[in-house]
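Shown next, in structure tokens, is the structure this report addresses.
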There are 2 protein chains.
Amino acid sequence: MSGALKDAIRVERPAKTLRELALDKVREAIVNGYFRPGDRLVERDLCAQLGVSRTVVREVLRHLESEGLVANLPNKGPIVAQLDIDEAKQIYEIRGALEGMAARLCAERRSPEIVAALEESLAGIRNSYRDNDMAAVLTNTSSFYHTLFTMVDRNVAWGVVNLLTVRINHLRSMTIKTERRGIEGPLQMSKIVDAIRRGDGEGAYQAAMDHVAAASAIAEAVLSAKKPAD
Amino acid sequence: MSGALKDAIRVERPAKTLRELALDKVREAIVNGYFRPGDRLVERDLCAQLGVSRTVVREVLRHLESEGLVANLPNKGPIVAQLDIDEAKQIYEIRGALEGMAARLCAERRSPEIVAALEESLAGIRNSYRDNDMAAVLTNTSSFYHTLFTMVDRNVAWGVVNLLTVRINHLRSMTIKTERRGIEGPLQMSKIVDAIRRGDGEGAYQAAMDHVAAASAIAEAVLSAKKPAD
DNA sequence: AATCGTATTATGGCGTACCAGATACTGTAG
DNA sequence: CTACAGTATCTGGTACGCCATAATACGATT
């Protein structure tokens, strides 16, 4: 029997361990603001809320710690990591470097499929903005960059970007709501696609950098506006 | 009593939790080849070898998993991650982008302190090559890049680079032993320093990219030479 | 003898209970 | 009102036990 066929009929099992489920739940809770930055994450409370044992909770906390979403105070325990403005800027900068790199590679590949896939995501973003569905904007933006990286087989860089992105996720949800972002965001992204279509590597690189830089500027404004009030 | 004074007399405690100690030990063991890629990491065996409980071992394994040093096969358990050649190339590529970025920033900063610090590390590398002390070469190389990133306050990018570097660490120890690397490596790095001294951002970027590209090429040669024999 | 089913073993996943040490809180005595 | 002692809280860490699953060995049946 061929391997491919065997895979085809393979029975899908949940395969997710309790740990992974709990991990997703807690990450979700942090990202969407159920747990606020600075909140203490008391192990035994989490056990109760998640309905799992301390063993699982501890492993989850360790994992989130290595993702940078949770910080561990010595002799004090884990808290939701604070996002300081400088760190956020650094994250945007790194994303710029990596997304620029991916965009350049896409341009150099000169493949119509890439352009088509990117345009599909971009259309999704425009539609989501039109429908005022901010969750969908995030999803589609994510898929835009996902194709940008994976079409040129840069899954490691994609992993790095994802890892960093969760740390600024609540910033993202604020920046996309900003005035004019609904017009400028897609415009900048279409410039990336245009450059890729032209096979203009340098242009694609610059366009990707510009887009992230714009997001970073908005994030900085949002963050510094919020800090004093806090 | 002033806070500063209180800090000054504060008794320095190990501060490292048992978990962190165990984490370092296991990571060390993987990186320096005590555990080979593909080896199974049986929890209860590790408990015995490390002298700690399963809880700690499990947390350590989770952590290493998120670092990419350990892979978890479903219904099978953790093994030491295999490093495939494509992934290694991607890691080098990312390092190139980030180190290039940092080098450019250093050049734009035009600070004599940065140049001095870099030159000190570079001298260390040359001496270590002369003494044939490969471990010291790695340490000094690491400190070279550490200053490159931290002098311009890019600690997040430094963290990313470190995270990626452990995954290719045994490759690094092979590449630096390569013929001629003892001459070419420091030469390329001195080009980075020269560009930074001149304040030539683009030149520093290119020099850093070149250095990583050279390392990547050597790694590829080493890896593809070893694979068939395996 | 070949094959099929079953018992055993190894191992991870998960839970519970317990203890030690650090910290924060609280109430009482002077 | 302050100082101090006692207490509650919480994490770090350990030990042990149970269950599910996968692989392997073994034995029975045809």
Side-chain angles (χ1 to χ4, degrees), chain A residues 1 3 6-7 9-27 29-30 35-36 38-66 69-82, chain B residues 1 3 6-7 9-27 29-30 35-36 38-67 69-81:
Chain A
M1 190 189 295
K6 212 169 80 187
D7 281 356
I9 63 164
R10 183 166 194 86
V11 43
E12 279 302 331
R13 227 177 330 184
K16 283 241 183 185
T17 68
L18 196 54
R19 187 176 62 242
E20 291 172 284
L21 296 173
L23 176 62
D24 290 342
K25 282 277 186 210
V26 178
R27 192 193 289 113
I30 292 177
F35 294 125
R36 318 287 297 252
D39 280 3
R40 294 192 60 181
L41 297 171
V42 178
E43 289 179 4
R44 286 167 172 90
D45 291 356
L46 283 177
C47 293
Q49 290 185 267
L50 295 169
V52 299
S53 75
R54 256 186 87 204
T55 312
V56 172
V57 168
R58 289 181 57 150
E59 288 174 62
V60 167
L61 289 174
R62 271 352 122 210
H63 194 115
L64 292 172
E65 195 184 339
S66 70
L69 273 181
V70 164
N72 226 326
L73 309 180
N75 295 324
K76 200 77 178 292
I79 63 171
V80 178
Q82 316 265 3
Chain B
M1 190 190 293
K6 214 167 81 186
D7 280 356
I9 62 165
R10 181 165 193 87
V11 44
E12 221 32 84
R13 225 173 332 180
K16 286 236 181 185
T17 69
L18 195 55
R19 191 174 58 241
E20 290 172 285
L21 295 173
L23 176 62
D24 290 342
K25 282 277 186 213
V26 179
R27 191 194 289 114
I30 293 177
F35 293 125
R36 319 285 298 254
D39 279 3
R40 294 192 60 182
L41 298 171
V42 178
E43 290 180 4
R44 288 168 173 91
D45 292 355
L46 283 177
C47 293
Q49 294 188 45
L50 296 169
V52 299
S53 72
R54 257 183 92 196
T55 312
V56 173
V57 168
R58 288 179 56 119
E59 285 172 330
V60 166
L61 289 174
R62 272 346 125 216
H63 194 114
L64 292 172
E65 194 183 339
S66 69
E67 278 184 16
L69 274 181
V70 164
N72 224 330
L73 309 180
N75 295 325
K76 200 74 177 295
I79 63 170
V80 178

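Throughout, protein chains are lettered first and strands after them, A, B, ... in sequence-line order, and every chain is numbered starting at 1.
Side chains of A:I79 and A:L41 form no contact here, defined as non-hydrogen atoms less than 4.5 Å apart. A heavy-atom distance below 4.5 Å is found between the side chains of A:L23 and A:R27.
Atom CZ of B:R54 has more than 12 neighbouring heavy atoms from other residues, nucleotides or ligands inside a 6.0 Å radius.
Between A:R58 atom CZ and D:dA15 atom P there is a gap of 13 Å when expressed in whole angstrom units. B:L21 places its CG atom 11 Å from the P atom of D:dT14, with the value rounded to the nearest Å. At whole-Å resolution of the value, CG in A:L46 and C1' in C:dC14 are 17 Å apart.
Note: A:L21 CG to A:L50 CG = 10.5 Å, rounded to the nearest 0.5 Å.
A donor-acceptor contact shorter than 3.5 Å is absent between the side chain of A:R58 and the backbone of B:T55.
The pair B:R62-B:E59 does not meet the salt-bridge criterion, since no charged nitrogen lies less than 4.0 angstrom from a carboxylate oxygen.
Side-chain atoms of B:R54 and base atoms of D:dG13 include no donor and acceptor less than 3.5 Å apart. For B:S53 and D:dG13, a side-chain-to-base donor-acceptor distance below 3.5 Å is absent, hydrogens and geometry of angles not being considered. Under 3.5 Å, the side chain of A:R19 and the base of C:dG12 form no donor-acceptor pair of N or O atoms.
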Can you name the atoms? Protein N/O to nucleotides 9-11 of chain C N/O, anything below 3.5 Å, with the distance.
none

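In the set C:dG13, D:dG12, C:dT23, C:dT23 carries the atom at the smallest distance from any side-chain atom of A:N75.
Phosphate contact (OP1/OP2 of D:dG12, side-chain N/O of A:R62, threshold under 4.0 Å): present.
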